[in-house]
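Every heavy atom of this structure was used, including side-chain atoms; hydrogens, water molecules and symmetry mates were not. Proteins come first, then strands; the chains are lettered A, B, ... in the order of their sequence lines, and each starts at number 1.
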There are 2 protein chains.
Amino acid sequence: MYDGIVQELIDEFGRLPGIGPKSAQRIAFHILQTPSFDVKRLAELLTEVRERVRFCEICGNVAEQERCAICRDPRRDPAVICVVEDAKDVAAIERTREFRGLYHVLGGAISPIAGVGPDDLRIAQLMTRLADGTVQEVILATNPNLEGEATASYLSRLLTSMQITVSRLASGLPVGGDLEYADEVTLGRAFEGRRVL
Amino acid sequence: MYDGIVQELIDEFGRLPGIGPKSAQRIAFHILQTPSFDVKRLAELLTEVRERVRFCEICGNVAEQERCAICRDPRRDPAVICVVEDAKDVAAIERTREFRGLYHVLGGAISPIAGVGPDDLRIAQLMTRLADGTVQEVILATNPNLEGEATASYLSRLLTSMQITVSRLASGLPVGGDLEYADEVTLGRAFEGRRVL
């Protein structure tokens, strides 16, 4: 539809997740027409990011050094490990400021449909971390969906023989949500997990 | 939330239109974690696009030469000019394959609130194009909103003394839409513009 490079830029943005053809066009024109937009900076960041970013050798979180900022932080409690599917989940939990332990990023969840088995996840690395007896509790914070639940129950069975407390994040009604609009599974979980006041 | 450059990349994507913090994070991680994503190509395109893309000296559409592909095309009818607000509108009209004339991109619409007056638009250039008498019809295809209507009526008054047919795109019910859900202004316009069958 457009002359050469403009269409190429639109196509390239359209390849990014969550960006449809209309958004890609809007972004390309924003870049073309906004003098203040620092094109050079974005181009440099894109080139640098793959070179500089690696994954923490301990927990698998994104890092710019061999170990991520959380694993390097001496104030974090090494007795608690929170197991998540993805590095994005680490950021989500960090935003709550509720958790002061360490993380372990699995790099996905068990999914027979997608062909992801336990060996494709960083489970062996987790077992190595648990071997020296420092860790007292493992919090399973995989997603509350089919794959996440399967992964959590797999890990839970794997850890059952060890002297470690294994816990799972609570399921229930989202805060600020409306009981009327909750699906029956969530509402059922909220009943199961009800707390005595 | 993230170590250095990852956060910088997220922030930079968050500056693009229509991309919130969550989408920016998703895109940054897609770029980090997808080996097949050609980071270098996107970086090169970003650097090149500003250098290579200019705006057509005749119509104001995006172009890689002095004149855009449409103005260069000898098969297009020079007797009809379609006036649009933005280069994105040219692409939208081209997709219909209904129009075989030329375009004129105003570069916006008259908006007293945003401080955009007639002198900020490419109206003088339009008048120059109309001066030699080649153009028989001007189709006003500005957006059917407050600013677009104001711009269309301004241009219509400006062109009234010339021997040129001035037309406006029809307003009415969108095809495939539902009468029940149409707003009253659109429905009113559909009545006004009803056609005898």
Look at Glu192(B) together with Arg168(B) and state whether they make a salt bridge at an N to O cut-off of under 4.0 Å.
-> no

Asn61(B) versus chain A, heavy atoms under 4.5 Å apart: side chain, backbone, both or neither?
-> neither

Most heavy-atom pairs under 4.5 Å with chain A, out of Thr34(B), Asp38(B), Ile19(B), Leu42(B), belong to Leu42(B)

Contacting region of Gln33(B) [heavy-atom separation from chain A under 4.5 Å] | side chain

Would you give the length of the straight line joining atom NE2 of His104(B) to atom OG1 of Thr128(B), rounded to the nearest 0.5 angstrom?
-> 8.5 Å

Engaged part of Arg26(B) at the chain A interface, taking heavy atoms whose separation is under 4.5 Å | both

Note: Ala43(B) and Thr47(A) closest approach over all heavy atoms is CB-OG1, 3.6 Å

CD/Glu66(B): more than 12 non-hydrogen atoms of other groups inside 6.0 Å = no

Check each atom of Ser23(A) against the heavy atoms of chain B and say whether the ones under 4.5 Å are side chain, backbone, both or neither.
-> neither

For chain B, which of Arg15(A), Arg41(A), Lys40(A), Glu48(A) has the most heavy-atom pairs under 4.5 Å?
-> Arg41(A)

Between Glu94(B) and Arg76(B), is there a side-chain N and carboxylate O pair less than 4.0 Å apart?
-> yes

Hey, which of Arg52(B), Arg50(B), Glu12(B) has the most heavy atom pairs under 4.5 Å with chain A?
-> Arg50(B)

In this structure, CD1 of Ile139(B) is separated from CD1 of Ile81(B) (nearest 0.5 Å) by 10.0 Å

Cut-off 4.5 Å, heavy atoms of chain A, and the answer for Ala28(B) is neither

